[in-house]
Amino acid sequence: MTSENTVTGADVRERVRSHLPAFSPAERRVADVFLADPLGVIDLSVTQLAARAGSSPASVVRMCTSIGLRGFQDLKTRVALAHVPAAPVDALVAGEPQDAHRATVAVLRDTAAALESAAAVLDPAAVNDLVDGLLAARRIQLGAVGTSAPVAADAAYRLTTLGLDATFVTDVHAQHVSARMLGPGAVFLAVSHTGSTFETLAAARAAKAAGARVYVITSFASSPLTEIADVAIVAGSAETKVRVEALTSRLVHLTVLDAIFLVLKQRVAGAEEHLQATSEVLTEHRF
């Protein structure tokens, strides 16, 4: 197998093409879809690409690993980076102050557009089901990794200030073990942009097997995570050619959770008392 370090964004398309004879039929169908529109694949989840190719998510991953990549997300990242326009990046790095200003305004407007888009397509039933589920849960565990982890940590903290039993641990092994211990009456709330992160998916499956309800906040309607979720809130934005970590989606997810917090604040019994206690504690840490 080719080392992943030898596969650059610039040659990943050629690498896929050159391996066509070695692919299984299912992997070949995935490769054909990718080669037909490499940039279009950036905006797909692994499940969506598999469906478009008449294949399976496992075949997508195998196609990627067989050419030396870590997986589908690695392929998308390398393709995106290979198509970053040079001029905008140069302007961000070494441009005049007004160029940086224009870039900042563009990013802010892009984020505002993502929030508007999320508001337009948000499923009311899913949001209401999530709120009802959190209210009824005897215990709530947040699950996330990478850049979604701070979003989950913030949500767990804010739910705690309402008096709810909410936790988030950063270690993925601890997440997995804790999820397996949840049981009926508990909720596992996963935050994941792609819905196809191994660690978050493993913890969600463990929670499901233990009898807990699984709720998901994600950017893609079709993914391995949404397939097992009891409720999925789809709100986010696709990766762009420049911002491959899709940080805009994190802001969308954070905003959705903020809205849910405000609703829960009105409906959780004793919430005001818990928030007052939180305020008193925080006062001790401020001048």
**Student:** Could you tell me which non-hydrogen atom of G195 sits nearest to which non-hydrogen atom of S223, and how far apart they are?
**Tutor:** O-OG, 3.4 Å

**Student:** List the steps and the verdict of side chain to side chain donor-acceptor pair (under 3.5 Å) for T218 and H253.
**Tutor:** CA-CA 7 Å; T218 185; H253 296 166; 5.7 Å; no

**Student:** Going through the checks in order, is the side chain to side chain contact (heavy atoms under 4.5 Å, CB included) test met by V12 and L69?
**Tutor:** CA-CA 9 Å; V12 65; L69 302 182; 4.0 Å; yes

**Student:** Supply the atom-to-atom distance D171 CG to E199 CD, rounded to the nearest 0.5 angstrom.
**Tutor:** 10.5 Å

**Student:** Supply the atom-to-atom distance D165 CG to L159 CG, rounded to the nearest 0.5 angstrom.
**Tutor:**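 Separation between the atoms: 10.5 Å.
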
**Student:** Tell me whether L35 shares a hydrophobic cluster with L39, the cluster being built from Ile, Leu, Val, Met, Phe, Trp, Tyr side chains joined at under 4.5 Å.
**Tutor:** yes

**Student:** Whether the side chain of R213 engages the backbone of V187 through a donor-acceptor N/O pair (distance < 3.5 Å, no angle test) should be reported.
**Tutor:** no

**Student:** Please tell me whether V234 and V231 are part of a single hydrophobic cluster in this structure, the criterion being side-chain heavy atoms less than 4.5 Å apart.
**Tutor:**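 No; V231 is not reachable from V234 via cluster members.
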
**Student:** Contact between V16 and M63 at the side-chain level, heavy atoms closer than 4.5 Å - yes or no?
**Tutor:**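 In contact.
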
**Student:** Can L49 and V33 be said to form a side chain to side chain contact (heavy atoms under 4.5 Å, CB included), step by step?
**Tutor:** CA-CA 8 Å; L49 176 56; V33 172; 3.5 Å; yes

**Student:** Whether the T65 and R62 side chains hold a donor-acceptor pair (N or O, under 3.5 Å, no angle test) is what I'd like checked.
**Tutor:** no

**Student:** Which atom names give the shortest non-hydrogen contact between V46 and S196, and what distance separates them?
**Tutor:**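 Heavy atoms of V46 and S196 come nearest at CG1-CB, 3.6 Å.
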
**Student:** Contact between L201 and R205 at the side-chain level, heavy atoms closer than 4.5 Å - yes or no?
**Tutor:**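 Yes; the side chains approach each other to less than 4.5 Å.
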
**Student:** Say you draw a straight line from CZ of R15 to CD1 of I67; how long is it, rounded to the nearest 0.5 Å?
**Tutor:**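 Result: 7.5 Å between the selected atoms.
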
**Student:** When rounded to the nearest 0.5 angstrom, what is the spacing between OG1 in T255 and CG in L115?
**Tutor:**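 The OG1 atom of T255 sits 5.0 Å away from the CG atom of L115.
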
**Student:** Should V263 and V191 be counted in the same cluster of Ile, Leu, Val, Met, Phe, Trp and Tyr side chains packed under 4.5 Å apart?
**Tutor:** yes

**Student:** Cation over ring, R158 on F261, under 6.0 Å and within 45°?
**Tutor:**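 Checked: cation-pi criterion met.
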
**Student:** Honestly curious: do L254 and V131 fall in one hydrophobic cluster under the side-chain, below-4.5 Å linking rule?
**Tutor:** yes

**Student:** How long is the span from the CG atom in L264 to the CG atom in L164, to the nearest 0.5 Å?
**Tutor:** 6.5 Å

**Student:** Where is the tightest heavy-atom contact between A179 and A203, given as atom of each residue plus distance?
**Tutor:**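 Residues A179 and A203, closest heavy atoms: CB-O, 3.2 Å.
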
**Student:** Apply the side-chain hydrogen bond (donor to acceptor under 3.5 Å, both in side chains) test between H193 and each candidate in S219, S45, S148; give the one that qualifies.
**Tutor:**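 The residue from S219, S45, S148 that satisfies side-chain hydrogen bond (donor to acceptor under 3.5 Å, both in side chains) with H193 turns out to be S219.
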
**Student:** Hey, are D154 and R250 close enough for a salt bridge, meaning a charged N less than 4.0 Å from a carboxylate O?
**Tutor:**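 No, no charged N to carboxylate O under 4.0 Å.
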
**Student:** Do L182 and R139 have side chains that approach each other closer than 4.5 Å (heavy atoms only, starting at C-beta)?
**Tutor:**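 The answer is yes; the side chains approach within 4.5 Å.
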
**Student:** Begin with the C-alpha distance, continue with both residues' side-chain angles, and end with the deciding distance and a verdict on side chain to side chain contact (heavy atoms under 4.5 Å, CB included) for R267 and D132.
**Tutor:** CA-CA 10 Å; R267 296 178 58 181; D132 291 341; 3.0 Å; yes

**Student:** Where the side chain of T278 meets the backbone of H274, is there a donor-acceptor pair that is under 3.5 Å apart?
**Tutor:**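 At least one qualifying donor-acceptor pair exists.
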
**Student:** Is the shortest side-chain heavy-atom distance between I217 and L189 below 4.5 Å?
**Tutor:** yes

**Student:** Check whether any side-chain heavy atom of F34 lies under 4.5 Å from a side-chain heavy atom of V79, and answer yes or no.
**Tutor:** yes

**Student:** Tell me if a side-chain donor or acceptor on Q175 pairs with a main-chain N or O of T200 at a distance below 3.5 Å.
**Tutor:** no

**Student:** Can you tell whether the side chains of D43 and K76 come within less than 4.0 Å, N to carboxylate O?
**Tutor:** no

**Student:** Can you name the closest pair of heavy atoms from S56 and A50 and give their distance?
**Tutor:** C-CB, 3.4 Å

**Student:** Taking C-beta and beyond as the side chain, do K208 and F188 meet within less than 4.5 Å on heavy atoms?
**Tutor:** no

**Student:** Of all heavy-atom pairs between R180 and A206, which one has the smallest distance, and what is that distance?
**Tutor:**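 Closest heavy-atom pair between R180 and A206: CD-O, 3.7 Å.
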
**Student:** Keeping the roles fixed (side chain from S178, backbone from A174), state whether a donor-acceptor pair exists under 3.5 Å.
**Tutor:**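 Yes; judged by distance alone, with no hydrogens or angles, the pair exists.
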
**Student:** Nearest 0.5 angstrom please: I260 CD1 to K265 NZ, how far?
**Tutor:** 16.0 Å

**Student:** Starting from Y215, can I reach V145 by hopping between I/L/V/M/F/W/Y residues whose side chains sit under 4.5 Å apart?
**Tutor:** no

**Student:** Taking the side chain as every heavy atom from C-beta outward, state whether T47 and F220 have any pair of such atoms under 4.5 Å apart.
**Tutor:** no

**Student:** Could you report the tightest heavy-atom contact between A204 and I228, atom names first, then the distance?
**Tutor:**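 For A204 versus I228, the nearest heavy atoms are CB-CD1, 3.8 Å.
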
**Student:** What verdict does the side chain to side chain contact (heavy atoms under 4.5 Å, CB included) test give for F168 and T160, after you've listed the backbone C-alpha separation in whole Å, the side-chain angles of each residue and the deciding distance to 0.1 Å?
**Tutor:** CA-CA 11 Å; F168 173 73; T160 299; over 6 Å; no

**Student:** With side chains defined as the heavy atoms from C-beta onward, is the minimum distance between D74 and F72 less than 4.5 Å?
**Tutor:**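 The answer is no, as the side chains (C-beta and beyond) never meet within the 4.5 Å cut-off.
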
**Student:** Which one of D123, L122, V216 satisfies the side-chain contact (heavy atoms from CB on, under 4.5 Å) criterion with I233?
**Tutor:**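 Answer to the side-chain contact (heavy atoms from CB on, under 4.5 Å) test with I233 among D123, L122, V216: L122.
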
